[in-house]
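Naming convention: chains lettered A, B, ... in sequence-line order (proteins, then strands); numbering from 1 in each chain. As the structure is a computational prediction, the values presented were derived from the model and not from experiment.
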There are 2 protein chains.
Amino acid sequence: MASQAVPGAEPRTPLSRERVLRAAISVADSGGIESLTMRRLAEHLGAEAMSLYYHVANKEDVLDGVVDVIATEINEVVDRIDVPAEGADWKKAVRQRILSAREVLLRHAWAPGVFETRTNTSLAVLRYYDALLGLMRAGGFSNDLAHHALHALGSRALGFTQELFDPNSGAGATDQAADLAEMAGQFPNLVGMLAEIAHDDPDSTLGWCDDQSEFEFGLDLILDGLDRIRERA
Amino acid sequence: MASQAVPGAEPRTPLSRERVLRAAISVADSGGIESLTMRRLAEHLGAEAMSLYYHVANKEDVLDGVVDVIATEINEVVDRIDVPAEGADWKKAVRQRILSAREVLLRHAWAPGVFETRTNTSLAVLRYYDALLGLMRAGGFSNDLAHHALHALGSRALGFTQELFDPNSGAGATDQAADLAEMAGQFPNLVGMLAEIAHDDPDSTLGWCDDQSEFEFGLDLILDGLDRIRERA
DNA sequence: GCAGCCGCCCTTACGTTGTAAGTCTTACGA
DNA sequence: TCGTAAGACTTACAACGTAAGGGCGGCTGC
């Protein structure tokens, strides 16, 4: 009989790189990226910290792997949605791809920050870019313009933007009005703008912005600009 | 006589929040952001780590302060360059401001990463945004469009972009050609593009991109797009 | 059947980090 | 002259990543 275990002991599925990376994503999903430590990761797997090092080189390798797994998930999603007909609208296809990638990333709020810190580019990310490039080439982009396009999109190509400026943070909603009045002298344009935005959209709390529609606005701005350049060429 | 020191002992300029923050920037400039530890920072100041805590709350506070100092430096630079005449070209003014901010950030290569991790927005950054908004409003932007514009620009408004994709990294230049050939099957569009880019610009090593011109390309793409929307309104 | 080996996991331990808690020192006002 | 308090230092600790080595179980060669 194969592998008779001690009675009462759990079978204990063995560790593997795959399991470690999936557990890492799970830990980060539930506790944020700063809660992802080697010890906690091991605990999550019912193992000891040092046991992980048989399957991953170090913590950097874990983060690299996590990015690769998420990028693979993105590829699976975008591969499923569209095989655009030859000569179809490149803009529509690219837009849909990017918004689908964004949906995946929205499920892992901590992921953008990790993507940004990686210096080794994941193969899955390269595959994603390659497909995006293919859509643009098929849509009539020169290699040169497609290259510019990737840089212009930056992280937006993968579905996220770095917000430097989160009006939600800082003071809680309670005394935000008082803060606004206090800052009106220092930042007249900012305060005036926020007041009007809030007035136009009463559902929103002060300074609140719809991330999704802002993302789409910026994305369309860039895609439209690229399209105009493409037509002129 | 005031403050007679022990003979042979240095006068030792006292610590202050200002000095701590400036030293932090200096340490990060020379050794990268990961070399910025409280102990090293103290050593740089000729003091002990715990002495810093009299002047800053904790390390997060140091990073917040560093961002504020750099944003202040940016404000000083951009305030100096231009007070555009009423009705002048908003695009030119905004572009010049942003490129000047970029020059400051290029002197602190580690700074973008720190900016991105801050959740408390620095007052100096707010001041920068307020001035940028003022230029746009004077150029005929509605509050709504100016708001979209800030989001669309994102970190570009401060002069940097997050590159997710650095062709320089990975393999060294020596065996990069071999890697390319190997990857050609997997990433045909990417490899084809890089080959052509490299061919057109023989000075560049394979996969090398001119960050500055790519930044300006993306910036102009967004500014032109915004201008077109403004004209239609 | 058994000896050796090796893949896999664990134990122990170390250096580095941020920082809590308490102590010494020095300048100054009463 | 003597508190007193600001400002620097000393000591100490928990949490982190991870180096080094120990042990165990199943496979392979004889």
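- Counting to the nearest Å, the C1' atom of D:dT10 and the CZ atom of B:R39 are 12 Å from each other.
- An OP1 or OP2 oxygen of D:dA15 is reached within less than 4.0 angstrom by no side-chain nitrogen or oxygen of A:R40.
- When each of A:A47 and B:M38 is assigned the nucleotide of DNA chain C bearing its nearest heavy atom, the one mapping closer to the 5' terminus is A:A47.
- For DNA chain C, the neighbouring residues in residues 52-63 of chain A, judged by any heavy atom under 4.0 Å, are A:Y54, A:H55.
- You'll find that the side chain of B:A49 is closest to C:dT19, out of C:dT19, D:dC16, D:dT18.
- By the 4.0 Å N-to-carboxylate-O rule, A:E103 lies too far from A:R107 to be salt-bridged with it.
- Here D:dC9 presents its P atom at 10 Å from CG of B:L45, a figure rounded to the nearest Å.
- One can place CD of A:E48 at 14 Å from P of D:dG17, the figure rounded to the nearest angstrom.
- Note: B:L153 CG to B:L219 CG = 7.0 Å, rounded to the nearest 0.5 Å.
- For A:M50, the side-chain atoms get nearest to D:dA19 when compared with the rest of D:dA19, C:dT17, D:dC9.
- A:S100 contributes atom OG, which lies 13.5 Å from atom CD of A:E76 (distance to the nearest 0.5 angstrom).
- The backbone N or O of A:F187 sits nowhere less than 3.5 Å from a side-chain atom of B:Y129 that would complete a donor-acceptor pair.
- Within 6.0 Å of CZ in A:R19 there are more than 12 heavy atoms belonging to other residues, nucleotides or ligands.
- Contact annotation: A:S51 side-chain N/O to C:dC8 OP1/OP2 distance is not under 4.0 Å.
- Whole-Å rounding puts the A:L41 CG to D:dC16 C1' distance at 14 Å.
- Atom-to-atom, CZ of B:R19 to P of D:dG7 comes out at 14 Å; the value is rounded to the nearest Å.
- Checked for salt-bridge contact, B:E18 and B:R22 meet the test: a charged N lies under 4.0 Å from a carboxylate O.
- With salt bridges taken as basic N to acidic carboxylate O contacts below 4.0 Å, none links A:K59 and A:D64.
- Once rounded to the nearest 0.5 Å, the distance linking CD1 of A:I25 with CD of A:E73 reads 7.0 Å.
- With the end axes of the helix from C:dG1-D:dC30 to C:dA30-D:dT1 each set by five pairs, the angle from one to the other reads 10° at 10° resolution.
- Look at CD on B:E43: it is 13 Å from P on D:dC9, rounded to the nearest Å.
- Ion pair B:R17/B:D68 not flagged as a salt bridge, since none of the NZ, NE, NH1 or NH2 atoms sits closer than 4.0 Å to an Asp/Glu carboxylate oxygen.
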